[in-house]
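To start, the structure itself, in structure tokens.
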Amino acid sequence: MGDSVVIKINNKEIKASPDQTVLKVAKMHGIDIPALCYLEGLEPYGACRLCLVEVIKGTKTGITTSCTLKVQKDMEVLTDTEAVSNYRKILLELYLAKAPNSEIIKEIALKYGVTETRFSKKIEPQDPLQNKCILCGLCIRVCESMGVTAISYIGRGSYTRINTPYLEPSQDCTGCGACAKVCPTEAIKIEDIGKKRIMISWSKTELNLKQCMLCGKYFSTGSFVEHVLKNAGQTDEELKNLCSDCRRKFFSKKITALSIFKKQ
Ligand code: SF4
Ligand code: FES
């Protein structure tokens, strides 16, 4: 981390570290900037464009995404100018057309007084992503960050979608569900039915759920448990068969899983 610098956001002086992004600094100081494709811990990608801000540096002014912009000495940032607001309004109209069922898009749009779109809405009755996807790519990036490539962009232009290759059930998906957790528009559908996890949005990829040998709860997919333990270099069979709660209890009491099992 380099020496801190002073920047101005909305005319307020703020001390920040040059390795921080404008978006992060703004968030830390309670300045609201819409940011749908940003996730702490993942490299920013600048996909949704909603986090646009106006930047003044010396004599130059520009509009850029705050999630990808690192703070610099004497930088001035304005988060809600008319120009920024107009850009966001257009983007929100596009998203209202692209993802007409997304509540978060409607909510943000409403804040900007946008309730209708001039673009034609694309409603697909069988859309695996429930007509909520804005193609921000966060699900793909988080999947890759888990060391898996189960989903990707497929198709081109206005036919671009996110799904498994050839719309076939994925051989690589571990069913971890991270994609659904990070999706800003709650587009991804996953259901646990009996002993199976079904990744409905991902070509109905099916995975077997693992049952905890102590409490009997179905806690994760077998593939995900194997994947995590393999990456952690663990081969302990007991670890594979315990849910996180029982695993904690098991290690904190320092007794064997088998003896607990027998007592119950
Ligand atoms: S499914 Fe969600 S996370 Fe993935 S691209 Fe669409 S909106 Fe983004
Ligand atoms: S959060 Fe910056 S572009 Fe999406």
Side-chain angles (χ1 to χ4, degrees), residues 9 20-28 31-55 62-71 77 79-80 84-85 87-92 94-109 111-112 122-124 126-146 148-156 158-165 167 170 173 176-190 199-205:
I9 304 185
Q20 291 176 310
T21 63
V22 169
L23 179 68
K24 184 158 181 174
V25 174
K27 279 185 182 295
M28 283 167 64
I31 299 162
D32 183 38
I33 300 176
L36 290 183
C37 70
Y38 172 78
L39 185 72
E40 187 74 41
L42 284 190
E43 194 62 31
Y45 191 61
C48 77
R49 317 292 297 172
L50 284 173
C51 70
L52 289 171
V53 290
E54 204 164 318
V55 183
I63 289 189
T64 188
T65 48
S66 58
C67 68
T68 52
L69 180 69
K70 293 268 171 75
V71 300
V77 178
T79 66
D80 258 324
V84 166
S85 183
Y87 272 114
R88 287 198 192 129
K89 283 180 184 170
I90 297 265
L91 283 167
L92 287 161
L94 282 165
Y95 288 147
L96 281 178
K98 191 184 257 312
N101 290 346
S102 165
E103 290 307 319
I104 184 79
I105 294 294
K106 286 184 211 163
E107 209 177 283
I108 301 173
K111 281 193 195 163
Y112 288 85
K122 290 179 187 153
I123 300 188
E124 290 174 33
Q126 303 298 325
D127 181 16
L129 293 169
Q130 312 177 75
N131 295 298
K132 291 181 178 182
C133 177
I134 57 166
L135 295 175
C136 72
L138 197 48
C139 50
I140 299 175
R141 289 192 291 134
V142 84
C143 186
E144 284 170 355
S145 78
M146 309 290 281
V148 181
T149 318
I151 47 172
S152 59
Y153 289 104
I154 53 171
R156 286 193 186 169
S158 62
Y159 296 102
T160 307
R161 304 278 180 274
I162 312 265
N163 215 313
T164 53
L167 297 175
S170 172
C173 178
C176 69
C179 51
K181 282 208 180 78
V182 303
C183 174
T185 60
E186 298 182 351
I188 301 164
K189 251 176 115 177
I190 298 175
M199 313 300 285
I200 301 196
S201 298
W202 306 143
S203 309
K204 301 203 171 104
T205 298

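When a ligand or atom number is given, it counts from 1 through the structure's own listing order. Just so you know, these numbers use all the heavy atoms, side chains as well, and skip hydrogens, waters and symmetry mates.
- Closest of all the heavy-atom pairs between Ser85 and Tyr112 is OG-CD2, 3.8 Å.
- Close approach of ligand 1 to Thr185 is summarised as follows: ligand atoms under 4.0 Å from at least one heavy atom of the residue are 7 (S).
- Remark: Lys204 NZ to Met199 CE distance equals 14.0 Å, nearest 0.5 Å.
- Of the protein's non-hydrogen atoms, Cys133 SG, 2.3 Å is the one closest to atom 6 (Fe) of ligand 1.
- In summary, Cys139 places no N/O/S atom under 2.8 Å from atom 2 (Fe) of ligand 1, failing the contact criterion.
- Rounding to the nearest 0.5 Å places OG of Ser102 at 7.5 Å from CG of Leu36.
- In this structure, atom 8 (Fe) of ligand 1 lies nearest to the protein heavy atom Cys136 SG, 2.4 Å.
- In the vicinity of Cys183, heavy-atom distances shorter than 4.0 Å reach the ligand 1 atoms 1 (S), 2 (Fe), 3 (S), 7 (S).
- For ligand 1, the atoms lying closer than 4.0 Å to a non-hydrogen atom of Ile162 are 5 (S).
- Residues Arg88 and Ile33 are in side-chain contact: their nearest non-hydrogen atoms beyond the backbone lie under 4.5 Å apart.
- Listed by atom number, the atoms of ligand 1 under 4.0 Å from Gly137 heavy atoms are 5 (S), 8 (Fe).
- Counting only protein atoms, the N, O or S atoms lying less than 2.8 Å from atom 2 (Fe) of ligand 2 are Cys51 SG, Cys67 SG, ordered by chain and residue number.
- When non-hydrogen atoms are compared, ligand 1 lies under 4.0 Å from the side chain of Ile188 (C-beta onward) but not from its backbone.
- Considering all non-hydrogen atoms of both residues, Glu54 and Val84 come closest at N-CG2, 3.5 Å.
- Note that the NZ atom of Lys24 and the OH atom of Tyr38 stand 5.0 Å from one another [nearest 0.5 Å].
- Put simply, the side chain of Asp32 reaches to within 4.5 Å of the side chain of Lys111, judged on heavy atoms.
- Salt bridge status for Arg161 with Glu124: present, with a side-chain N to carboxylate O gap under 4.0 Å.
- Nearest heavy atoms, Ser170 versus Thr205: N-OG1, 2.8 Å.
- For ligand 1 and Pro184, the ligand atoms under 4.0 Å from any heavy atom of the residue are 3 (S).
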TODO: Test Lys132 against Glu103 for salt bridge (Lys or Arg N to Asp or Glu O under 4.0 Å), laying out the working first.
DONE: CA-CA 8 Å; Lys132 291 181 178 182; Glu103 290 307 319; over 6 Å; no

